[in-house]
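Only one structure is covered here, and it is reproduced in the block below.
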Amino acid sequence: MDNSSRQMKAVTIPEFGDAEVLRVATVPVPEPGPGQVAIDVAYAGANFAEVLYRRGVVDVPLPFVPGIEVSGRIRAVGEGVGDLTVGQPVAALSIVDGGGYAEVVVTSADLVVPLDGLGIGMDVAAALPSNSTTAFLVLDRVARIEPGERVLVHAAAGGVGSQLGQAARLLGAGHVVGTVGSAAKIETARRFGYHEVITRDRIADAGEFDVVVDMVGGPARRAGLDRLAPMGRLVVMGNASGAEDIGIPANELWFTNRTVSGFNLAAFSAAFPEETHRALRRAVAAAATGDLRTRVETLPLEQAAEAHRRIESGTTTGKLALEVAAL
């Protein structure tokens with residue numbers, strides 16, 4: 001698509017529903033405003049967050065172009081953007097307003113990190129902005145992990161779980177345990193920094209932890225809370241199981257010296273763009289040195305519905321990315 005084009009291909013959510021509602025459509029090419037950049041998208045990460053948009057769990061205007069993270073090249077820069085240039089390869093979060101499942105996306109320049117000279121493939125670069133950035137923010141900013149602490153991560157073989165184990169070790173954790181939903185995922189999760197991986201039905205025998213990160217919800221959340229040591233911190237960052245929310249009495253936290261916190265990357269990115277940028281830059285740097293590994297499988301943009309079905313099935317490991325254009 002040349003720079004004179006005013007229309008582009010995108011995957012849209014015209015109505016809320018199952019994966020079949022996703023439609024490939026022609027929509028106007030967005031233009032960057034002050035402080036923003038437009039990016040020609042190479043790959044768009046596929047995430048559970050976009051499934052929530054499609055289901056209507058998150059209130060978005062319809063039709064809506066999902067997509068919270070991309071890799072690509074700078075197409076245009078808005079007024080006031082002085083550190084990014086046209087043609088520059090980048091990884092970017094588009095989580096505040098979405099739009100990543102498209103040939104062109106516009107996002108805040110504060111949520112964009114250059115890839116010049118780092119040797120990171122565009123497919124891998126698209127997998128870093130959401131999951132890897134989240135891993136560092138959750139552990140460092142929210143859980144405030146200390147050297148030597150014990151960490152438990154639910155859904156250890158998934159996109160963000162595969163990054164949390166590695167980030168915990170980079171931040172000095174003494175022992176990192178991951179849980180998975182089935183024994184078939186244990187070996188995959190072990191490749192991503194975990195000292196030990198167990199199925200979730202064995203969590204009662206796993207000992208105590210200083211930090212528990214839960215994106216599964218339901219019984220896994222309750223089990224994680226029960227495994228917290230005194231002064232332990234549970235970070236809630238999802239409900240992939242779709243289970244009913246569990247109540248956590250404040251008096252229980254008071255008597256046991258435990259803490260429960262929440263983390264939502266979209267809200268955090270909107271409120272703290274500079275801090276998000278630092279975490280994204282940290283993730284990109286760790287990927288470039290090989291300290292942070294990401295397993296990526298790609299599908300064509302037109303197969304976004306298939307990506308969503310696979311994410312919802314709970315059988316995926318690592319990361320799915322949608323190929324938009326070979327840049």
Side-chain angles (χ1 to χ4, degrees), residues 1-15 19-47 49-51 53-54 60-78 81 84-116 120-130 266 269 280 284 296-308 311 319-327:
M1 187 179 65
D2 61 47
N3 288 339
S4 64
S5 299
R6 297 190 179 185
Q7 298 289 310
M8 67 175 184
K9 179 173 65 177
V11 170
T12 67
I13 302 172
E15 60 182 311
E20 277 60 45
V21 304
L22 294 174
R23 290 288 181 271
V24 178
T26 300
V27 301
V29 174
E31 297 292 337
Q36 295 182 320
V37 298
I39 299 169
D40 284 319
V41 178
Y43 290 88
N47 301 274
E50 291 125 14
V51 171
Y53 295 148
R54 195 206 70 225
V60 295
L62 299 180
F64 182 72
V65 179
I68 66 173
E69 60 181 342
V70 301
S71 65
R73 292 185 179 275
I74 299 292
R75 174 187 178 92
V77 299
V81 178
L84 295 167
T85 59
V86 172
Q88 193 170 26
V90 294
L93 275 167
S94 48
I95 194 168
V96 176
D97 297 310
Y101 287 15
E103 292 181 299
V104 180
V105 67
V106 164
T107 190
S108 169
D110 289 334
L111 301 178
V112 178
V113 169
L115 301 173
D116 310 64
I120 299 176
M122 284 290 188
D123 55 343
V124 172
L128 298 172
S130 173
S269 299
L280 174 54
V284 168
V296 184
E297 181 183 352
T298 64
L299 295 171
L301 177 65
E302 292 79 5
Q303 292 186 24
E306 173 62 17
H308 278 218
I311 291 170
K319 182 77 174 188
L320 289 176
L322 301 173
E323 184 176 1
V324 180
L327 299 179

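Just so it is clear, the values below take in all heavy atoms, side chains as well, and ignore hydrogens, waters and symmetry mates. Heads up: numbering here begins at 1 and tracks the sequence.
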Under 3.5 Å, side chain of Glu20 to main-chain N/O of Ala305, donor-acceptor pair present? no
At their closest point, which heavy atom of Val27 faces which heavy atom of Ala10, and how far apart are they? CG2-CB, 3.8 Å
If you round to the nearest 0.5 Å, how far is CD of Gln36 from CG of Leu84? 12.5 Å
What's the shortest heavy-atom distance between Asn47 and Ser130, and which atoms? OD1-OG, 3.8 Å
Do you know which two heavy atoms are closest between His308 and Ala19, and how far apart they sit? CB-CB, 4.1 Å
Taking the side chain as every heavy atom from C-beta outward, state whether Asp40 and Val104 have any pair of such atoms under 4.5 Å apart. yes
With sequence neighbours left out, write down each residue that passes side-chain hydrogen bond (donor to acceptor under 3.5 Å, both in side chains) with Gln303, or none if nothing qualifies. none
Donor-acceptor contact below 3.5 Å, side chain Thr107 vs main chain Leu93: yes
Contacts of Glu69 meeting salt bridge (charged side-chain N to carboxylate O under 4.0 Å, His left out) (sequence neighbours excluded), chain-then-number -> Lys319
Please answer whether the main-chain N or O of Val96 pairs with a side-chain N or O of Ser269 as donor and acceptor at a distance below 3.5 Å. no
Nearest heavy-atom pair of Lys9 and Val24: which atoms, and what distance? CG-CG1, 3.6 Å
Counterpart residues, side-chain hydrogen bond (donor to acceptor under 3.5 Å, both in side chains), relative to Glu297 (two or more places apart): Arg310
Nearest heavy-atom pair of Pro14 and Pro63: which atoms, and what distance? CA-CB, 4.1 Å
